[in-house]
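The structure under discussion appears below in the form of structure tokens.
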2 protein chains.
Amino acid sequence: MQAKAVRPMERKTGIALWRQVADRIRQGIGAGDYEGDGRLPPETVLAERFGINRHTVRSAIAALVQEGVLRAEQGRGTFIQRRRRFTYPISARTRFSEGLRDQARDRRGHLLAHAREEADQRIADALGIAPGSPVIRLETLSEADGRPVSRATSWFEAERFSGIADAFAASGSVTLALRDHGVDDYFRKSTVVSARHAEGADLADLKLAPGAIVLVAVALNVDTQGRPVQFSETRFAADRVELSVIG
Amino acid sequence: MQAKAVRPMERKTGIALWRQVADRIRQGIGAGDYEGDGRLPPETVLAERFGINRHTVRSAIAALVQEGVLRAEQGRGTFIQRRRRFTYPISARTRFSEGLRDQARDRRGHLLAHAREEADQRIADALGIAPGSPVIRLETLSEADGRPVSRATSWFEAERFSGIADAFAASGSVTLALRDHGVDDYFRKSTVVSARHAEGADLADLKLAPGAIVLVAVALNVDTQGRPVQFSETRFAADRVELSVIG
DNA sequence: GTCTATTTGTGCGTATGTATA
DNA sequence: GTATACATACGCACAAATAGA
């Protein structure tokens with residue numbers, strides 16, 4: 001009995017063993033478990049350590065290779081495909097691209113879709129307008145160094161920000177798009193953070209594996225007069241991002 | 001074709017259909033889907049809506065009943081076991097019990113374990129001491145209205161806070177325990193928020209189902225002179241808590 | 001260059017869990 | 001409840017690639 005003592009896997013939980021193992025390996029990487037040479041123990045060792053069959057370990061590794069977390073080389077071993085975790089600052093001056101300025105060479109915002117619609121109760125409350133008032137909804141995707149980082153849904157008052165979709169499409173930046181509409185500066189008034197499983201289009205857009213987690217930030221930005229300009233729900237890929245609150 | 005259009009379930013993902021359905025029902029509840037009378041549609045309707053067999057819906061419901069999210073009554077229907085989601089404020093003056101003051105009648109902190117140990121690099125950096133210096137580690141559980149809300153691991157400099165374990169055990173409050181050691185006031189200097197699957201003891205302590213998500217807040221508290229007093233990692237049950245950042 | 005140990009890749013038979021009809 | 005199909009997990013064996021002696 002040489003294998004390290006590890007918590008045994010849970011069975012019959014509705015989550016396949018290989019997926020549980022994949023999640024634990026991914027977490028271990030995040031916790032710096034294989035820091036030295038970035039090399040995973042051999043499959044046989046992992047199998048013994050987790051108390052499962054080598055095939056099951058291989059399924060887990062295959063999923064992580066698919067995700068781009070690991071790289072397997074026949075005869076040599078399995079290695080961590082090192083990627084940094086982006087730290088996204090949340091403060092009064094929160095802006096996506098500026099926040100990641102020092103962390104990624106290439107930051108990009110894409111407009112996936114946009115629509116003009118009527119504000120429901122929640123949106124109306126946030127923007128300080130009457131329910132049913134026209135709003136513009138933007139569906140956007142943000143990438144850093146070619147990796148999708150977040151998917152956001154934003155609402156703007158339609159009257160004041162009629163051309164916001166075109167402006168965002170052109171610049172890829174909310175800050176610049178707002179500037180086109182006379183908002184030179186804005187502030188983050190509130191941010192509510194929660195977490196849940198990724199679902200629907202987010203899975204594909206963020207290139208996540210089923211079961212992956214998203215950090216959800218529901219935020220309100222206001223202009224210098226305190227008037228709401230943007231209400232948004234941003235889903236961050238939890239395994240690629242952490243949120244830093246400066247206080 | 002009368003059933004509402006819903007995104008079809010994903011197959012062969014390593015997550016059993018019944019668990020995916022359970023997760024989606026749980027999320028739907030959080031999003032206020034069954035707001036009216038707190039009653040779920042009949043199993044046959046849910047089955048048609050998700051495009052799956054009724055037996056599979058029953059497995060999902062059974063799991064949620066087990067979790068305490070739903071309550072099934074034979075012949076009547078399935079109902080939401082209503083529970084509120086706590087909003088936990090994060091600011092310079094973040095304190096656990098005060099933050100939930102208006103949201104829960106009964107707030108309680110338990111000391112699960114404590115130990116004296118040597119600071120590793122990460123702890124030492126945070127507390128501004130030399131690696132290997134003695135620190136006291138507290139394992140704590142926080143409950144609100146009888147429901148476990150968070151599990152925290154905290155580190156304190158051993159020399160300055162020698163009796164912190166006893167003080168916390170007696171009062172159930174970090175604020176009061178620090179006061180016993182001459183820290184009348186303290187501030188939240190930084191908080192880093194991430195999310196991952198719950199694991200190990202957290203699953204049991206927080207009474208979570210396997211696959212459940214925890215919001216992880218790594219925080220540093222400093223005294224009025226700016227000296228670090230507490231470094232902590234708190235795991236919040238993501239389906240019961242959201243974090244609110246004011247600023 | 002050859003042999004050997006190590007490590008990943010592949011095949012197959014069996015048992016059990018999950019989902020459908 | 002029963003029958004059927006597929007996904008998951010295990011055990012064993014062997015092939016292929018690599019690295020070091």
Side-chain angles (χ1 to χ4, degrees), chain A residues 1-4 6-26 28-29 33-34 36-82 197 203 209-212, chain B residues 1 3 6-26 40-67 72 74 78 197 209-211:
Chain A
M1 184 49 182
Q2 279 200 312
K4 286 189 203 170
V6 222
R7 177 173 55 90
M9 307 308 302
E10 323 240 358
R11 311 272 175 149
K12 298 188 227 183
T13 59
I15 299 179
L17 261 187
W18 63 263
R19 176 160 290 288
Q20 296 183 55
V21 171
D23 288 338
R24 279 175 57 168
I25 292 175
R26 198 192 298 103
I29 292 170
D33 274 6
Y34 316 101
D37 51 358
R39 181 206 192 89
L40 250 67
E43 296 168 350
T44 48
V45 174
L46 287 174
E48 192 188 355
R49 192 175 293 177
F50 288 118
I52 61 175
N53 191 274
R54 185 169 82 102
H55 282 301
T56 311
V57 171
R58 285 182 56 73
S59 297
I61 289 176
L64 293 172
V65 168
Q66 184 63 30
E67 277 181 51
V69 174
L70 296 178
R71 168 176 42 89
E73 296 181 29
Q74 185 170 130
R76 298 215 324 127
T78 306
F79 304 86
I80 295 172
Q81 193 74 306
R82 207 172 296 283
H197 291 106
L203 275 173
Chain B
M1 186 49 183
V6 220
R7 176 174 56 90
M9 308 307 301
E10 322 239 358
R11 314 271 173 148
K12 299 191 239 183
T13 59
I15 300 178
L17 261 188
W18 63 264
R19 175 158 291 285
Q20 295 184 55
V21 172
D23 287 339
R24 279 174 58 168
I25 293 175
R26 198 193 299 104
L40 249 66
E43 294 170 353
T44 49
V45 173
L46 287 175
E48 192 187 354
R49 191 174 296 179
F50 288 117
I52 59 174
N53 193 275
R54 177 171 161 259
H55 286 303
T56 312
V57 172
R58 286 181 57 74
S59 298
I61 290 176
L64 292 172
V65 168
Q66 184 63 29
E67 277 180 50
Q74 190 170 109
T78 306
H197 291 106

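Chain A is the first sequence line, chain B the second, and so forth, proteins listed ahead of strands; every chain is numbered from 1. All figures in this text were calculated on a predicted structure; none of them were measured in a lab.
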Non-neighbouring partners of [X] that pass side-chain contact (heavy atoms from CB on, under 4.5 Å), sequence neighbours left out:
{"X": "A:D33", "value": "A:A31"}
{"X": "A:A63", "value": "A:W18"}
{"X": "A:A212", "value": "A:L208"}
{"X": "A:R76", "value": "A:E73, A:F79"}

Just to verify, what does [X] make a side-chain hydrogen bond (donor to acceptor under 3.5 Å, both in side chains) with, not counting sequence neighbours?
{"X": "A:R39", "value": "none"}
{"X": "A:Q74", "value": "none"}
{"X": "A:R26", "value": "A:D23, A:E67"}

*When you check the phosphate oxygens OP1 and OP2 of D:dC10, does a side-chain N or O of A:T56 lie under 4.0 Å from one of them?*
yes
*Decide yes or no on side chain to side chain contact (heavy atoms under 4.5 Å, CB included) for B:N53 and B:L17, but give the supporting numbers first.*
CA-CA 10 Å; B:N53 193 275; B:L17 261 188; over 6 Å; no
Between [N] atom [atom2] and [X] atom [atom1], what is the distance in whole Å?
{"X": "B:L17", "N": "D:dT8", "atom1": "CG", "atom2": "P", "result": "11 Å"}
{"X": "A:E48", "N": "D:dC10", "atom1": "CD", "atom2": "P", "result": "14 Å"}
{"X": "B:Q20", "N": "D:dA7", "atom1": "CD", "atom2": "P", "result": "14 Å"}
{"X": "A:F79", "N": "D:dT18", "atom1": "CZ", "atom2": "C1'", "result": "10 Å"}
{"X": "B:N53", "N": "D:dC6", "atom1": "CG", "atom2": "C1'", "result": "15 Å"}
{"X": "A:L46", "N": "D:dC10", "atom1": "CG", "atom2": "C1'", "result": "17 Å"}

*Please tell me which of the listed nucleotides, D:dG11, D:dT8, C:dA19, lies nearest to the side chain of B:W18?*
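In terms of side-chain proximity for B:W18, the closest of D:dG11, D:dT8, C:dA19 is C:dA19.
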*Mark up nucleotides 3-13 of chain C, 5' to 3', with B wherever a protein heavy atom is under 4.0 angstrom from a base atom, S wherever such an atom reaches only the sugar-phosphate, and - elsewhere.*
----BBBBBB-
*asked:* Quick check for you: to the nearest 0.5 Å, what is the distance between B:H197 atom NE2 and A:R19 atom CZ?
replied: 8.0 Å
_Using five pairs at each end of the helix from C:dT2-D:dA21 to C:dA21-D:dT2 to define an axis, what is the angle between those two axes, to 10°?_
20°
